[in-house]
Q: 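After the structure tokens below, expect a handful of questions from me.
These numbers come from a predicted model, not from an experiment. By convention in this document, chain letters (A, B, ...) are assigned in the order of the sequence lines, proteins followed by strands, and residues within each chain are numbered from 1.
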Amino acid sequence: MEDSLRERVAEAVTGAWQSAIAGGSLPPLPDDERSQVDVHVERPAHPEHGDFATNLAMKLARPYRRSPMAIAQTLAAELEGQIGREAGRTQLADLITSVEVAPPGFLNFRLSERALEATIDRILSEPKSWGRRQAAIPQRVNVEFVSANPTGPLHIGNARGAFVGDLLARVLAAAGHEVSREYYFNDFGAQVSNLGASILALRDAKEVPEDGYRGSYVAELAADLPPRLVESAGTADDPAVVVGQWASERVRAGIEASLERLGVHFDVWKTEGSLHREGWVERAVAKLREAGYVYERDGATWFRSTDFGDDKDRVIYRSNGQPTYFAADIGYITEKFRRSFDHLVYVWGADHHGTVARVRNAATAMGYDPAAVEILLIAWVRFVRDGREISMSKRSGEFITLDELLDEVGVDAARWFFASRGHTTGIDFDIELAKKQSNENPVYYVQYAHARIASILRKASETGLSLADSVEGALSDEPEAGLARAVARLPDVVEDAAEAKETQGITAFATELATTFHAFYRDARVVDPDEPDRSRGRLALVAATQVTLANALALLGISAPELM
RNA sequence: GCGCCCGUAGCUCAGUGGACAGAGCAUCUGACUUCGGAUCAGAUGGUCGGGGGUUCGAAUCCCUCCGGGCGCGCCA
């Protein structure tokens, strides 16, 4: 059975519309008009409007040239007829108890007790899969994020992209897609050689080059240089490159460790060099050339990006024969699609928005569906300490590393902070405030609700009370029904998050559920030896609440403690 | 100059076509000698940056102005 009550209501509404047409109470609609009307079911902002609502009648008012209220009445009559006929034995009557028409044309629905009971029982019988969806069309999705070059440790400027990409990957997986997480970096370019040169300069107590790297990590690398490497570098054409490659591998391993500490794991680490070596760039450019979008000018090779609306054409190979970064991007697109991904997601910093058009244009020019290449631009975070902005630059060596941030703020709080904000809005992160307010942070509020339930369950087992096998009959009153209603929303929250590629809905849901639970706790005594039957029912409900909180937190990569 | 993103309560942010605009924090007032007070109940607080338009309906879509951020390389 479908876990999403919302989806089942939507199916019922669609069915009512169709049977109204079949029964002649509404005329058929031409296909083109019909396809413009999608059946949308949502949770009303106000509880007195019921558990679900649809605006379908208002959407149909124009094509039908009838008043929204009249159409709503027709649809409501259709649904109520079904509920009446099926009462006591079938699906619709088990799902909703009433259909109300409300001006200017809403249809409002109330969930049946049976639907809530079935949901709670289902959560307890299969807690792990609660909230996970089966996508209508499961896709293989590649999510590429962070992708910082290994020339220094990750700093707090990389934090948002790391969290957003990871959250997105988790949400897409929960929504039923197959997700691969990918980190892309340059292991051979000028930056790596600059890193090597900086290390060698420090080691020889010389001035670090103009475009070199400073920072204490460079000194540490210099101190750790293995003598044998120095020897072999001495005989190499370019010692800086040899040392740089050694250093960048060290740095990369450190980056991986930092990310693991954040709870961010990658499936694939891809290097720009491999795209060249394996011929992906060459083949992609040939593909573009065949399609007629490549030309030579001033000794360089260009992609005719303007054919797709870009404001200028873009260089693929420079006049010195060297490929640009964009060349690798092109090769990478074909390489990813060759691995049979259906959808590519790029998580980029907002400063890269100038390159979005050319990458999508190149994908289009090579014959790929541009809709399958999705680039998310993550707005900046202003890190602030005591009201003063913290400036960051790897080259100057002034920055706060990700590890330092975690030492101060904690992974759960940091994850919650980024998960609860949309990725397109620039935000302020005041480190001192984050520390000071840690006890007031909503993440602890949610975790506390989870731990409190764990405590109740411990108490119950000490008292010798166990969970009811089924909550049948246990949800007929408040506050039980209200808590069950809140719990039942998780699958819809997951679907909305995956759809919007945003996670704020999940943090908002978790907070609301915690609030509902805390109020329930106040009003309903769960462990009460004098009323064992009622206790057993409430224990089951509370256990389902705990599963829901834990699964929502897991979706965000946040721990769900049994004790705090 | 051109392009993209953003502007919602004192602060940090949700809400991006629906029914009286929300949360957390801050401020103020209250609460159970029973399951965890990291809790609960209530109050204060908003010209949704300004103006115009589209729509039965706009914080949400369009235009314009103001303010802020970021881009506009044969750098990455």
Q: Determine whether any donor atom in the side chain of A:Glu48 lies under 3.5 Å from an acceptor atom in the base of B:C20, or the reverse, and answer yes or no.
A: yes

Q: With a 4.0 Å cut-off on heavy atoms, is A:Asp298 in touch with a base, just the backbone sugar-phosphate, or nothing at all?
A: base

Q: Using the salt bridge (charged side-chain N to carboxylate O under 4.0 Å, His left out) criterion, which residues pair with A:Arg538? Sequence neighbours excluded.
A: A:Glu480

Q: From C-beta outward on A:Leu563, which listed nucleotide comes closest to its side chain: B:A14, B:C20, B:G36?
A: B:G36

Q: Tell me, please, whether A:Tyr521 has A:Arg452 positioned over its six-membered ring: NZ or CZ under 6.0 Å from the ring centre and within 45 degrees of its axis?
A: yes

Q: Can you tell me how the ring of A:His49 sits relative to the ring of A:His46, calling it parallel under 30°, perpendicular over 60° and tilted otherwise?
A: perpendicular

Q: Kindly state whether the pair A:Tyr448 / B:G36 counts as stacked, where counting means centroids closer than 5.5 Å and planes tilted less than 30° apart.
A: no

Q: Among B:G18, B:G36, B:A76, which is the nearest nucleotide to the side chain of A:Met58?
A: B:G18

Q: For the side chain of A:His353, counting heavy atoms from C-beta on, which of B:A38, B:G71, B:A14 is nearest?
A: B:G71

Q: Considering only side-chain heavy atoms of A:Phe106, which listed nucleotide, B:A14, B:G36, B:A19, is closest?
A: B:A19

Q: For the pair A:His352 and A:Trp348, name the ring-plane relationship: parallel under 30°, tilted 30 to 60°, perpendicular over 60°.
A: tilted

Q: Quiz question: by atom type and distance under 3.5 Å, do the side chains of A:Glu296 and A:Thr301 form a donor-acceptor pair?
A: yes

Q: From the set B:A76, B:G15, B:C5, return the single nucleotide nearest to any side-chain atom of A:Asn149.
A: B:A76

Q: Which nucleotide in the set B:C74, B:C20, B:G18 lies at the smallest distance from any side-chain heavy atom of A:Pro104?
A: B:G18

Q: Contacts to RNA chain B from residues 354-362 of chain A, heavy-atom cutoff under 4.0 Å, which residues?
A: A:Gly354, A:Thr355

Q: Among the nucleotides B:A76, B:C74, B:C40, which one has an atom lying closest to any side-chain atom of A:Trp302?
A: B:C74

Q: Closest-nucleotide mapping onto RNA chain B: is A:His352 or A:Arg525 further toward the 5' terminus? I mean the 5' end.
A: A:Arg525

Q: Measure from the side chain of A:His46, starting at C-beta and using heavy atoms only, and say which of B:G22, B:C35, B:U39 lies closest.
A: B:G22

Q: Map A:Asn108 and A:Asp528 onto RNA chain B by nearest heavy atom, then report which one ends up closer to the 5' terminus.
A: A:Asn108

Q: Looking only at side-chain atoms of A:His518, point me to the closest of B:C40, B:G36, B:C74.
A: B:C40

Q: For the pair A:Tyr213 (side chain) and A:Gly196 (backbone), establish whether a donor and an acceptor sit closer than 3.5 Å, ignoring hydrogens and angles.
A: no

Q: When you measure from the side chain of A:Asp351, which nucleotide among B:A76, B:G71, B:C74 comes out closest?
A: B:G71

Q: When the distance from CH2 of A:Trp380 to P of B:U12 is rounded to whole Å, what number comes out?
A: 20 Å

Q: Go through the structure and list residues passing side-chain hydrogen bond (donor to acceptor under 3.5 Å, both in side chains) with A:Ser466, not counting sequence neighbours.
A: A:Arg536

Q: Give A:Ala327 one of three labels, base, sugar-phosphate or nothing, depending on what nucleic acid heavy atoms sit under 4.0 Å from its own.
A: nothing

